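Letters A, B, ... mirror the listed sequences (proteins, then strands); counts begin at 1. The shown structure was predicted, so the numbers you read here are calculated from the model rather than taken from an experiment.
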Amino acid sequence: MALENLLDGLNPAQKEVVTSTEGSVLVLAGAGSGKTRSIIYRTAYLIHHKHINPWNILTVTFTNKAARELRDRLQQYFGISAHSLWFGTFHSICTRILRQETEFIPFNSNFSIYDSADQKALLNKIYKKLNIDKKYFPVNKVKSVISEQKSSLILPKDFFDFNEENMFTNNVYKIYQEYQKSLQANNALDFDDLLLYTALLLHDNKLVLKKYRNLFRYVMIDEYQDTNYAQFKIINLIASQHQNLCVVGDDDQAIYTWRGADIKNILQFEKDYKNVKTIKLERNYRSPAVILNLANSLIKNNQQRHAKELWTDAESEEKPLRYSLLNGAEEAKFVAEKIVEKKAANFRYEDCVVLYRTNAQSRAFEKAFNLQNIPYQIVGGINFYQRKEIKDILAYLRFLINSADLESFTRIINFPSRKIGNVTVEKIYHNASIENRQVWDSLQTKKNPYLNRGTQDKVDKFTDLIQKFRLLATEKPVTEITAKLIKELELIELFNASDDPQDIARMENIKEFISATEEFSELFEEENERKPLLTEYLQNISLQTDLDTVNEDNDNVKLMTMHNAKGLEFEHVFVVGLEEELLPHIRSMQDERAIEEERRLLYVAITRAKSTVTLTYSESRRIFGQIRYFLPSRFLHELDEKYIQYGNSNFYDRFQPPKDSRSKIPRPEIVTENQKHFKIGQEVLHPKFGVGKILSVNGKDKNAKLTISFSDGALKKILGNFVETI
DNA sequence: TTAAGTATGCTTTTT
DNA sequence: GCATACTTAA
């Protein structure tokens with residue numbers, strides 16, 4: 001395509017983005033401002049006009065789906081073969097780099113990638129080994145502390161503050177250290193490690209750094225507002241020399257600071273790089289003016305933001321609607337009815353999306369949609385690859401490739417049941433450590449003095465099975481291996497024979513898994529002209545998310561969290577569950593900055609809409625099986641009344657006073673679980689001092705002055721705000 | 001060693 | 001209200 005044509009149809013700001021190829025460029029791109037388009041055209045411009053080799057361009061996206069979309073469109077519009085381009089998420093690109101550079105990292109190239117369930121299983125083992133009490137060191141909490149450390153490139157050795165003597169950091173340090181050791185022993189990396197080891201590699205190894213600096217001569221990063229320190233560092237190492245770096249983002253859409261994303265990365269970009277050219281894309285091509293105005297009226301309540309206002313030419317008669325419903329079931333029923341209306345008005349189901357704050361909210365909608373025969377698809381929640389039956393098969397496949405992976409081994413040794421229990425597994429481990437060899441090597445000798453004859457036979461059968469399939473895995477394509485394995489294990493028969501209705505679904509999932517490997521094989525064969533081996537398949541799927549398996553051909557309503565909706569657009573958007581404690585979420589309510597992030601989340605949700613927005617508030621909701629009442633979200637009060645229409649109203653809504661005089665509302669008393677009522681003798685958790693017992697309470701709730709005796713013996717006076725009840 | 005029965009804790013949000 | 005983790009009996 002000629003240059004003139006290439007730039008046709010872009011607005012001046014977009015043109016600027018496309019043609020500013022040299023030096024550092026910061027693109028502040030509002031929602032729906034054609035940022036994906038700009039990235040595609042910029043890539044095409046680099047290749048066609050500047051004659052840059054495709055393999056010298058690195059483009060980092062937020063999801064695999066976004067990467068695939070860029071690929072497809074480049075191919076489609078410009079006939080550029082995606083083959084040689086570096087497109088992907090930080091995680092997938094880091095994986096690619098690490099598999100190539102295994103001689104410089106403490107792993108071999110068959111490393112497994114552990115997801116959060118694998119991490120937890122590993123941590124549980126470590127807790128046992130170190131004799132640590134889960135009650136005082138909740139696995140999820142410790143996991144997130146470790147993740148936080150890794151995202152900031154803080155290793156165990158840097159983590160421990162030797163001047164500080166306290167139980168909590170002390171133990172978390174021990175766990176962190178042991179955790180890293182175990183991962184290495186299993187030849188496995190977790191998600192954060194992918195970034196961590198890449199950053200360390202580039203930082204410590206001059207030669208490798210040079211290689212990638214030369215390779216990635218032009219770098220583009222999408223969703224830059226949601227990058228963390230490790231990601232910043234990786235890019236900075238690669239791009240600081242040539243400075244050909246273009247970052248695209250929108251501080252109003254930063255919704256991942258809880259994951260370590262640092263909004264400073266985008267706010268300080270002009271300081272981190274030289275002679276930065278800043279381009280703003282403020283014209284919105286997605287939503288009508290009423291919707292944009294509504295979104296603007298909300299987001300302007302945030303203090304921490306670059307001032308900007310999206311605008312559009314598009315007008316619409318339909319104001320966003322706001323409804324109050326009695327409970328979660330009514331809310332779901334209401335949305336279902338509205339969707340039936342849309343369908344009758346000649347829209348497709350796939351034009352509709354339901355956006356909620358937490359995955360748990362999906363259940364009510366599933367029920368209501370089933371009742372009305374509305375086809376739907378839940379995106380996210382429990383990922384396909386995280387389902388138990390799928391993880392079990394994956395564990396087999398992983399163990400075939402990476403025999404050091406003991407997490408996978410423990411999953412499969414007794415699945416399906418071979419009557420090999422924990423006692424036997426412990427004996428296997430014990431024998432391996434006595435023999436001072438890897439578990440798999442030890443198994444292959446088929447001589448374990450701790451096992452009796454019968455048990456040894458059972459274990460040997462397993463060993464034979466694995467040996468047989470390991471041999472197959474080196475030569476046969478993945479689909480064949482998988483199908484053979486499932487047949488050999490008689491999984492289909494196993495689930496078929498059961499009368500648990502859930503086992504039917506499990507069987508279906510297993511069948512779907514085989515088709516998924518087939519699907520991958522076909523794609524792989526197109527590009528590589530041969531069928532993929534097991535290794536190649538495994539490398540591909542560890543980073544797959546649900547968003548990647550969304551079936552675009554099916555006409556169904558999509559249900560997803562607001563986080564998952566980032567970067568997507570729909571004709572009709574239903575934003576549900578607009579209540580205090582849900583949005584903003586109760587866990588974000590202590591902190592003004594967290595509340596701003598919740599506000600951005602709603603902003604992202606509203607700006608997904610191409611035609612209509614419907615907001616719903618539910619007065620009551622079942623939480624953990626108990627009915628609780630909620631106030632309408634504070635954000636509903638912030639929305640400018642000019643741009644919104646009340647579909648209905650109810651008693652509490654009409655009498656809803658400003659949020660500072662909440663106590664005057666005539667309504668049932670709201671008792672929240674997490675309100676901090678401190679009692680003497682109660683155990684609490686402090687982020688720094690760890691676990692302690694309350695000796696005295698002075699005052700109420702978060703303002704209470706507490707005297708706490710910590711487990712390391714220290715006695716401290718602390719404000720209730722700083723501790724968590726456990 | 002397993003199956004059945006019981007207790008617990010879980011819900012933010014995800015690569 | 002559900003899934004899991006743990007306990008107990010067979």
- Base, sugar-phosphate, or nothing for A/N414, non-hydrogen atoms under 4.0 angstrom? sugar-phosphate
- Minimum-distance nucleotide to A/W258 side chain [options: B/dT15, B/dT13, B/dT11]: B/dT13
- Query: Of the nucleotides B/dT2, B/dT11, B/dT13, which has the atom closest to the A/T561 side chain?
  - Reply: B/dT13
- Could you give the CG-to-P distance, from A/D226 to B/dT14, as a whole number of Å? 13 Å
- Using atom types as modelled and distance alone, determine if a side-chain donor or acceptor of A/S620 lies under 3.5 Å from a backbone N or O of A/I627. no
- Item | Over-ring placement of A/K558 relative to A/F570, 6.0 Å and 45° cut-offs | no
- Message: Taking 4.0 Å as the cut-off, does a side-chain nitrogen or oxygen of A/N359 come that near to OP1 or OP2 on B/dT13?
- Response: yes
- Query: Should the pair A/R587 and A/W258 be classed as cation-pi, given the thresholds of under 6.0 Å to the six-membered ring centre and 45° from the axis?
  - Reply: no
- Closest listed nucleotide, where the reference is the side chain of A/T424 and the choices are B/dT1, B/dT11, B/dT2: B/dT1
- Item | A/Q119 CD to B/dT15 P, straight-line distance once rounded to whole Å | 14 Å
- Message: Going by centres under 5.5 angstrom and planes under 30 degrees, do the aromatic ring of A/F62 and the base ring of B/dT15 stack?
- Response: no
- Query: CD of A/Q361 versus P of C/dG1: gap in Å, rounded?
  - Reply: 17 Å
